[in-house]
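In what follows, a structure is listed as C-alpha cells, so that the remarks can point back to it.
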Amino acid sequence: MYEVIQVKWEPDYQDDIKEIYRMFKDQERRIFDLTTYFDNTSSMDLVQEMCTNDFVFLVKSDSKPCAVFVLENPQIFQNIITRVNIHCAVRRLYWGQKAREICRYFVGYIHENFLIKKIIAEVPQCGYGVIKLLKDMGFKHEGTMKEASIYNDKNNVPKFYDVLIYSLNREDIK
C-alpha cells in the first residue's frame with residue numbers, strides 16, 4: 001500500500017529530492033513561516049539542509065510520491081530520540097481523508113522503526129486543516145506561543161499568528 005523511503009542528500013536520491021522539492025515549492029509559503037525565506041534561502045536550499053541535517057522521509061503510494069515528512073532537530077540520548085519536531089507536506093492530490101491515512105501510516109512506521117519519546121508539531125493558528133489532522137492522529141495541544149510566526153493572510157499580506165504546540169507521546173500512539 002505505502003512505502004517509506006528515508007532520503008539523504010546523495011546522488012542515489014536525486015529523483016526523490018526533486019519530488020520533495022516540488023511538494024515544498026507547491027506549498028512554499030504555507031509550510032514554513034515567511035522568515036524562513038528572508039535570508040534568500042530557496043526551497044532547494046531548505047531541502048538540502050533538511051536532507052543533510054534531519055531525518056527526511058518520502059511516502060509513496062504505488063511508486064508515486066504522496067507526502068514528505070521531516071523529523072527536525074532530534075534530541076538523542078543513547079538510542080532514544082527524546083523529542084523531535086515534525087513537518088509534513090502532502091501532495092494536493094492526497095489532501096483530505098487520504099492525508100489522514102498517510103499520516104497515520106507514517107506515525108505507525110516511525111513508531112515501529114525508531115524509539116521516539118515525543119513528537120512535536122508547531123502549527124500556526126491559521127492552519128485549520130493541519131490542526132484537525134493532528135487532533136485526529138491523537139496529538140494533544142500543549143501550549144501556545146503568541147504571535148510567534150508570520151504567514152501571508154488570505155489577501156497575501158504578511159500577518160503574525162500564534163503558534164500552537166501539539167505533541168504525541170510514544171504511549172499515545174495507537
Side-chain angles (χ1 to χ4, degrees), residues 2-74 81 84-107 109-110 114 116 119-134 137 139 145 148-161 163-166 168:
Y2 294 109
E3 171 189 17
V4 178
I5 299 165
Q6 186 171 355
V7 178
K8 299 179 190 308
W9 190 259
E10 297 173 0
D12 291 348
Y13 298 97
Q14 184 175 11
D15 292 338
D16 295 326
I17 289 167
K18 286 178 186 175
E19 290 300 328
I20 292 168
Y21 169 76
R22 284 186 190 113
M23 276 187 261
F24 282 160
K25 194 67 178 163
D26 178 48
Q27 301 172 50
E28 189 168 42
R29 300 197 187 274
R30 300 171 135 236
I31 298 173
F32 305 104
D33 84 6
L34 295 176
T35 60
T36 305
Y37 302 97
F38 284 162
D39 64 356
N40 294 323
T41 301
S42 71
S43 293
M44 187 53 86
D45 290 337
L46 287 173
V47 171
Q48 179 178 1
E49 182 181 325
M50 287 180 213
C51 289
T52 303
N53 300 323
D54 302 314
F55 297 111
V56 177
F57 299 91
L58 188 61
V59 179
K60 295 183 178 184
S61 176
D62 297 325
S63 300
K64 295 178 188 149
C66 52
V68 60
F69 292 86
V70 179
L71 300 181
E72 179 187 44
N73 296 327
I81 299 173
V84 66
N85 293 339
I86 191 168
H87 299 282
C88 172
V90 177
R91 193 168 285 230
R92 288 178 191 260
L93 176 66
Y94 299 94
W95 283 8
Q97 187 58 38
K98 277 283 190 200
R100 285 168 178 62
E101 186 179 296
I102 292 164
C103 290
R104 283 189 198 107
Y105 179 84
F106 182 73
V107 167
Y109 171 84
I110 60 173
F114 295 89
I116 300 175
I119 303 169
I120 301 166
E122 295 181 9
V123 185
Q125 73 189 71
C126 59
Y128 306 111
V130 176
I131 293 167
K132 184 176 183 329
L133 175 65
L134 289 170
M137 292 171 53
F139 278 77
M145 291 187 290
S149 65
I150 187 166
Y151 286 83
N152 286 332
D153 65 11
K154 63 182 177 183
N155 299 317
N156 211 28
V157 175
K159 178 181 173 183
F160 281 97
Y161 289 94
V163 171
L164 308 178
I165 302 166
Y166 286 86
L168 183 65

Quiz item: Where is the tightest heavy-atom contact between Y105 and Y2, given as atom of each residue plus distance?
Solution: OH-O, 3.2 Å
Self-check item: Nearest heavy atoms of K8 and I17, plus distance in Å
Solution: O-CD1, 3.6 Å
Quiz item: What are the two closest heavy atoms between N152 and P158, and how far apart are they?
Solution: OD1-N, 3.4 Å
Exercise. Verify side-chain contact (heavy atoms from CB on, under 4.5 Å) between I116 and L71, making sure each step is shown before the conclusion.
Key: CA-CA 11 Å; I116 300 175; L71 300 181; 4.2 Å; yes
Self-check item: F69/I102 under side-chain contact (heavy atoms from CB on, under 4.5 Å): CA gap, chis, key distance, verdict
Solution: CA-CA 10 Å; F69 292 86; I102 292 164; 4.1 Å; yes
Quiz item: Going by an N to O cut-off under 4.0 Å, is there a salt bridge joining E101 and R104?
Solution: no
Practice problem: Report the C-alpha separation of V90 and K98 in whole Å, then their side-chain angles, then the decisive distance to 0.1 Å, and conclude whether the side-chain contact (heavy atoms from CB on, under 4.5 Å) test is met. | Solution: CA-CA 9 Å; V90 177; K98 277 283 190 200; over 6 Å; no
Exercise. Please name the pair of heavy atoms, one in E72 and one in V84, separated by the smallest distance, quoted to 0.1 Å.
Key: O-CG2, 3.4 Å
Quiz item: Is the F55 ring parallel, tilted or perpendicular to the F114 ring (thresholds 30°, 60°)?
Solution: tilted
Practice problem: Give me the ring orientation class for Y161 and Y151: parallel if the planes are under 30° apart, tilted from 30 to 60°, perpendicular past 60°. | Solution: perpendicular
Quiz item: If you take all heavy atoms of V7 and C51, which pair is closest and at what distance?
Solution: CG1-SG, 4.1 Å
Self-check item: I119 versus F139, closest heavy-atom pair with distance
Solution: O-CE2, 3.7 Å
